[in-house]
Amino acid sequence: MRQLVTRNARADRQDHGVLLKRCYNDRLGFLGGWTPRNLHQVYDLTEAGRKALAHRYQDYGHDDQWEHRLMRATITAEMEIGVNGNRDLTFIPRHRTTSIPNGYELGGRKFRDDGMFSIDYAGSQRIFFLEVDRGTEVKEGMMKRKTIERMIRQWDHFLKREDGRPSPFAKHFNTYLNALVLFVFVNETQMQNAMEIDRKIGGSKTRLYRFDPRFAEKTFPAPMPSLAHWTESWLRVGHSPFFINDPDKQ
């Protein structure tokens, strides 16, 4: 993307040589009524910019890793926008939540999360991990490859406290904060399959489930942003639904 960004000082001109325009010229309505404090620094693509980005996208191909990163980045950004619409809450990105690199080890096996952030609910902070699946992982199978079952079991062991002792998560991050894992799939069947596995394990209030059909197909440009993950309920196995924008709501 860096190659696409023009350094032309007159970036709000929409001619063939300018790829970006300042958003305040269009008085764009931001998602959830949110208005950035630095609005004068917010840019959008011009028509020329959209064509250039589409051309680059075709050049690099439609690989699953690109789509996977798009899905996790979009969901994380939507959460931040949702939090920023409430003056009593504070969104804390990964680099401000912890300086510990992404990567955990359990029983000699290593795994990584797809995303991490925390939210300060007026003095009460929660950590959220993100796991997204576009259907590239199988329901059950050999433990050598990443399966949905293995993923759920890893998080179960990582966050579970046994005999009153701190969880591996608490020891790893040296924290007593509560942590939740957000599992997002691209269709309801995949989500229900994962929840079926979770049910066999025993369920947990720390594992939250939703599906998002916007990412079921390879798409360009990126899907339109939504606040559904922020405002609507997340399902849990053996526990009542959870609302990230209002944890006390039942």
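Ion pairing of E78 with R214 is present here, as a side-chain N (NZ or NE/NH1/NH2) and a carboxylate O approach within less than 4.0 Å.
S167 is not listed as a side-chain neighbour of F158, based on a closest heavy-atom distance of 4.5 Å or more. The closest side-chain heavy-atom distance from I119 to I244 is below 4.5 Å. In this structure the side chain of I148 reaches within 4.5 angstrom of the side chain of D133, judged on heavy atoms. At a threshold of 4.5 Å between non-hydrogen side-chain atoms, the residues D114 and M71 do not count as touching.
At distances below 3.5 Å, not a single donor-acceptor pair connects side-chain atoms of D120 with backbone N or O atoms of T90. The backbone N or O of M191 sits nowhere less than 3.5 Å from a side-chain atom of R210 that would complete a donor-acceptor pair. Looking at R134, its side chain does come within 3.5 Å of a backbone N or O of F215 through a donor-acceptor pair. Judged by distance alone, with hydrogens and angles left aside, the side-chain atoms of R236 form a donor-acceptor pair with the main-chain N or O of K205 at under 3.5 Å.
Note: I75 CD1 to L70 CG = 9.5 Å, rounded to the nearest 0.5 Å. The structure places CZ of R207 at 5.5 Å from CD1 of I201, a figure rounded to the nearest 0.5 Å. With values rounded to the nearest 0.5 angstrom, R150 atom CZ is found 5.0 Å from Q154 atom CD. Rounded to the nearest 0.5 Å, atoms OG1 (T206) and CZ (F128) are 11.5 Å apart. Separating the CG atom in N86 from the CG atom in D246 is a distance of 9.5 Å, to the nearest 0.5 Å.
Taken together through direct or relayed side-chain contacts under 4.5 Å among Ile, Leu, Val, Met, Phe, Trp and Tyr, I92 and Y121 form parts of separate hydrophobic clusters. Hydrophobic clustering, with ILVMFWY side chains joined whenever heavy atoms are under 4.5 angstrom apart, groups V83 together with F117.
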In a table with atom names and distances, give each donor-acceptor pair under 3.5 Å that connects a side chain of residues 170-187 to protein atoms at least two apart or in another chain.
| from | atom 1 | to | atom 2 | distance (Å) |
| --- | --- | --- | --- | --- |
| T175 | OG1 | L177 | N | 3.0 |
| N187 | OD1 | T189 | N | 3.1 |
| N187 | OD1 | Q190 | N | 2.8 |

Legend entry - From CA spacing to verdict: side chain to side chain contact (heavy atoms under 4.5 Å, CB included), L235, F211: CA-CA 10 Å; L235 299 180; F211 68 95; over 6 Å; no
Inset, instruction - Begin with the C-alpha distance, continue with both residues' side-chain angles, and end with the deciding distance and a verdict on side chain to side chain contact (heavy atoms under 4.5 Å, CB included) for I152 and E131. - result: CA-CA 10 Å; I152 293 174; E131 287 284 359; over 6 Å; no
Inset, instruction - Test L130 against M79 for side chain to side chain contact (heavy atoms under 4.5 Å, CB included), laying out the working first. - result: CA-CA 11 Å; L130 179 64; M79 288 295 183; over 6 Å; no
Legend entry - salt bridge (Lys or Arg N to Asp or Glu O under 4.0 Å) evaluation trace for K200 with E149: CA-CA 10 Å; K200 294 178 181 178; E149 180 179 9; over 6 Å; no
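In this structure, W155 and F129 have tilted ring planes: the angle between them lies in the 30° to 60° band. Using cut-offs of 30° and 60° on the angle between ring planes, the pair W234 and H229 is tilted.
Heavy-atom minimum distance, M195 versus V237: O-CG2, 3.6 Å. The minimum heavy-atom distance linking G103 with R112 is given by the pair CA-CG, 4.1 Å.
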